[in-house]
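Quick notes on the structure that follows.
Chain A is the first sequence line, chain B the second, and so forth, proteins listed ahead of strands; every chain is numbered from 1.
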2 protein chains.
Amino acid sequence: MKRYAQLAATLGERIEQGLYRPGDRLPSVRSLSEEHGVSISTVQQAYRVLEDAGLVEPRPKSGFFVPERRPQPAMPAMTRPAQRPVDVSQWDQVLEQVRHAPGGDFVQLGRGTPDIASPSLKPLQRAMANAARRTDLQALGYEGLQGSLALREQISRLMLDSGCQVPPSETIITTGCQEALAITLRAICQPGDIVAIDSPSFHGAMQTLKAQGLKALEIPTDPTNGVSLEALELAMEQWPVKLILLTPNCNNPLGYIMPDARKRALLSLAQRYDVPILEDDVYGELAYAYPRPRSIKSFDSDDRVLLASSFSKTVAPGLRTGWVVPGRYLDRILHLKYIASGTCAPQPQMALAEFVGGGHYEPHIRRMRAQYQRHRDLMTDWVARYFPEGTRATRPQGGFMLWVELHPQFDSVRLNRELQAERVQVAAGSIFSAAGKYRNCLRMNYSNRDLPRIEEAVRKVGACATRLVEELHAEAGEDVALA
Amino acid sequence: MKRYAQLAATLGERIEQGLYRPGDRLPSVRSLSEEHGVSISTVQQAYRVLEDAGLVEPRPKSGFFVPERRPQPAMPAMTRPAQRPVDVSQWDQVLEQVRHAPGGDFVQLGRGTPDIASPSLKPLQRAMANAARRTDLQALGYEGLQGSLALREQISRLMLDSGCQVPPSETIITTGCQEALAITLRAICQPGDIVAIDSPSFHGAMQTLKAQGLKALEIPTDPTNGVSLEALELAMEQWPVKLILLTPNCNNPLGYIMPDARKRALLSLAQRYDVPILEDDVYGELAYAYPRPRSIKSFDSDDRVLLASSFSKTVAPGLRTGWVVPGRYLDRILHLKYIASGTCAPQPQMALAEFVGGGHYEPHIRRMRAQYQRHRDLMTDWVARYFPEGTRATRPQGGFMLWVELHPQFDSVRLNRELQAERVQVAAGSIFSAAGKYRNCLRMNYSNRDLPRIEEAVRKVGACATRLVEELHAEAGEDVALA
């Protein structure tokens, strides 16, 4: 790294860590030159980089300042999905997103990839290589159907942080969380059954409903508190709901953490109607506040909650290693696991058991939480700066996804089409609704550590969105003029 | 390795390679002592090892001889399953077998693990370690939904050997062949549908029928020529068969290769009744004769055959990397693949593309074919030697599984229970039938290179089987006496 870039990185980190606060004057060029033993022009170059990144602001004759934080975008309101069971659509849009591996000069803000370039993952890469070369050849053979005991023991230990005491014998390792969701839904539901689901919701879960011939009953959801219990109760009164499926912690895509009182209330509602809950905890470990939030499973007194999770968001998706705690459905889900893909690959399980058991997981996850929280603030700021006026955005409490709401007639599918030429993609909001609602919303991933690249991509998205919103205003103006 | 053991291994290899043939006199102790520069007692010790392994036979005052090959066991007759659609059972017995990882002092003859200890797999282990450590971090991220293009290109190349020209764009990588079977069945069949299947047949496919609520119509199958076309046609006349599912090459568990003429006849039967064929080719590359047999897919003129396969039997099951060529069902199966487990793990795909592309696959597979053929002869010989009189056994043309048929009242499930104490397991025949037929049969794996250990295990199985058959005879005798 060049000297000026190094200095820019150091200063940028101090600003992001809050050492200098919005409005603060930054050290003069001369004092930095002395402090770091570099030339005046190196410092000036460093400040130019920071200025380009929006982290500092020059004021004539006064030096460099931390910019006043832009007013944050307003939060989206409670969502209002169709309150009846519907068949799931939108597969084409999801396929568009998952068909090709990310790579090259393309900036994929639409997919759920965490930061896999963190140095805290080096021990994982070593563990993977070690597992591959082991002379007992365990990596090449078959694992037991329930998965590696060593890994299940580590998972039991990790789950204690969410208030869950689950012995390894009650966990089944799966090929990512997606397999856990698919087999759990299959274990509980028959084609035609109705599943109540938070809305917006993870497209993988929703497409699973589609593939299994289930109907989605989308429940209005608040971007701060989660699914509306009132709406859920009304829905359960009216429809024969077979299962409640939701992501209460660091929700994807809204980023909220459901307060514990509401988790308990949800659980007693499920008890009253005798309906099981499938809890997706895949982002739960990435809550910015410590300790991590409790899972609904941790309040579960009558074995009604099935918990699905994975290492895809906390460690690396390429491992394809998830798990399910299926409670009373263990036998049936073990059968479905066997059908789905046989036993799981041993090598990633060995590597993860070594990574977690060797004490590398906790420092890694602490680092990721802090990084994602910083990035959330930056991404929020970029949206305020580059997106059209009136844009709303969530305030995620964990994870690495921002949900953005635009003009009611905005079309994020068209936005993505126009962004093709710019080599940027976002996740169109409509894939998070069974019925294709939220087309005026989009989701952006802020995990990536290459901030200038991400900011540039967000700037492009913002510029394109601004143009499309202006068109909408112009059309509306024409309509008014014609009327 | 001790000197005598080394000498025993060398001599054993020569015998197995056919350098000395049954009935031949082996070199004298004195000449071997001179040839190898070892003591007389070392040679004697080596001969003792070979004698224990049944590879040599001492004749008083004449020296050591290669034993005359025992008369081969007779082949089992054409199978006679129930010729009506039935629900699949036997999950408990399958679970017993896959619940735990093989290991320790336990000799698992029941599972389908190939020889993963072959030195020809060293380059694969290196490729796996390389993939894990790559600085572009590809191993940690998401792959595209259809799977690695580099690997699909290699698969296209390999499939040419079976007479198939399939471009990479028509292949989908799956989590082992099991996932390929599960999603294909789901793409084509609805609960209640009837699937015609060779009998006996792979338990994973059969359990998939069970999980998906499909009915199995087991078709009589000849251990030399495969599924009876006459019986299949009768069945298709009588029942609304939705799909034909079979393993025509190096069949599991019977080991036959269906002659090409019969493959063509099967295909025209499927055309006449307009039914798709799901062809499992997972053992096809392991045919002992060169070139490998053609797949039914290679004769497919109207895109009716779906081919499922994997590297689990040819390379290593721990990679969990299979594929499906879904023909006209590509879009639907791509959706079901996404639902089943999302995208596949990139690292094994990278490693396999390197292993195959680097020219390591062909020598490995040649070596495995030769090894498995030698082991087939040994295992057949052991069955002739250690199993009760009247035992029948297949004559596999590829793969590494021997199917053994005992007294009609024999109970292989009980056999397995009794073998627990001996730390040996076989696959009970009943798991290969939807309705639990073939309980008097069993399947044994002969892939393992540790021949003395395997022979010892087969000896234990044979002794236990002999005891059980004697009990049956005694009971029958009593019955006669009582009558």
Side-chain angles (χ1 to χ4, degrees), chain A residues 91 94-95 98-103 111-113 116-117 121 124-126 128-133 137-146 148 174-176 178-179 182 186 191 204 207-208 210-212 315-320 334-336 338-348 351, chain B residues 91 94-95 98-103 111-113 116-117 121 124-126 128-133 137-146 148 174-176 178-179 182 186 191 204 207-208 210-212 315-320 334-336 338-348 351:
Chain A
W91 165 237
V94 176
L95 178 59
V98 296
R99 181 149 223 161
H100 302 291
R111 257 178 119 166
T113 314
I116 52 174
L121 286 182
L124 176 77
Q125 287 188 284
R126 274 200 301 275
M128 287 171 77
N130 290 345
R133 277 190 314 246
L137 305 173
Q138 212 184 309
L140 301 184
Y142 282 115
E143 183 44 89
L145 183 55
Q146 214 171 330
S148 144
T174 57
T175 312
Q178 179 60 40
E179 185 173 83
R186 213 178 289 288
Q207 291 300 321
T208 308
K210 176 181 169 72
Q212 298 187 11
V315 181
L319 301 169
R320 307 309 299 127
L334 206 54
H335 187 231
L336 289 166
Y338 173 66
I339 301 321
S341 61
T343 56
C344 277
Q347 193 213 0
Chain B
W91 165 237
V94 176
L95 179 60
V98 296
R99 181 148 224 161
H100 303 291
R111 259 178 119 167
T113 313
I116 51 174
L121 286 182
L124 176 76
Q125 287 188 283
R126 275 199 301 276
M128 287 172 77
N130 289 344
R133 277 190 314 245
L137 305 173
Q138 211 183 310
L140 302 182
Y142 281 114
E143 184 43 89
L145 182 56
Q146 213 169 329
S148 145
T174 57
T175 312
Q178 180 60 41
E179 185 172 83
R186 212 178 290 289
Q207 291 300 321
T208 308
K210 177 183 168 73
Q212 299 186 11
V315 181
L319 301 169
R320 307 307 301 126
L334 206 55
H335 187 230
L336 290 166
Y338 173 67
I339 301 321
S341 61
T343 56
C344 277
Q347 194 213 359

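Note: B/Ala211 leads B/Ala211, B/Ala131, B/Ala182 in heavy-atom pairs under 4.5 Å with chain A. Chain B forms more heavy-atom pairs under 4.5 Å with one residue of A/Gly342, A/Ala139, A/Gly141 than with any other, namely A/Gly141. The most heavy-atom pairs under 4.5 Å with chain A, out of B/Leu121, B/Leu319, B/Thr343, come from B/Thr343. Ranked by non-hydrogen atom pairs under 4.5 Å with chain A, the options B/Pro317, B/Pro348, B/Ala129, B/Ala316 are led by B/Pro317. For the set B/Arg186, B/Gln212, B/Lys210, the count of heavy-atom pairs under 4.5 angstrom toward chain A peaks at B/Arg186. Interface remark: of the candidates B/Val94, B/Thr174, B/Ile116, B/Thr208, B/Ile116 forms the most heavy-atom pairs closer than 4.5 Å to chain A.
Proximity of a side-chain donor or acceptor of B/Gln178 to a complementary backbone N or O of A/Ile339 within less than 3.5 Å is detected.
Of the atoms belonging to B/Ala340, it is backbone heavy atoms, and not side-chain ones, that fall under 4.5 Å from chain A. Contact annotation for A/Leu334: both backbone and side-chain heavy atoms come within less than 4.5 Å of a heavy atom of chain B. For B/Val315, no part lies near chain A; criterion is any non-hydrogen pair under 4.5 Å. Both the backbone and the side chain of A/Gln146 have a heavy atom closer than 4.5 Å to some heavy atom of chain B. Interface remark: B/Leu95 contributes side-chain atoms only to the contact with chain A (heavy atom separation under 4.5 Å). At a 4.5 Å heavy-atom cutoff, A/Arg126 makes no contact with chain B through either its backbone or its side chain. Heavy-atom distances place the side chain of B/Leu336, and not its backbone, under 4.5 Å from chain A.
Minimum heavy-atom separation, A/Gln125 to B/Arg133: NE2-C, 3.8 Å. Closest approach of A/Gly318 to B/Pro346, counting heavy atoms only: O-CD, 3.3 Å. Across B/Arg111 and A/Glu143, no two heavy atoms sit closer than the pair NH2-O, 3.4 Å. In terms of heavy-atom proximity, A/Ala132 sits nearest to B/Met128 at CB-CB, 3.5 Å.
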inquiry  = Walk me through whether B/His100 and A/Tyr142 qualify under side chain to side chain contact (heavy atoms under 4.5 Å, CB included).
reply    = CA-CA 9 Å; B/His100 303 291; A/Tyr142 282 115; over 6 Å; no

task = Just do the side chain to side chain contact (heavy atoms under 4.5 Å, CB included) check on A/Leu140 and B/Leu124 with the steps written out, would you?
result = CA-CA 10 Å; A/Leu140 301 184; B/Leu124 176 76; 3.9 Å; yes

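The ring pair (Phe, Tyr, Trp, His ring centres under 6.0 Å) test applied to B/Tyr338 returns A/Trp91, not counting sequence neighbours. Partners of A/Gln207 according to the side chain to side chain donor-acceptor pair (under 3.5 Å) rule, which considers only residues two or more places apart in sequence or in another chain, are B/His335.
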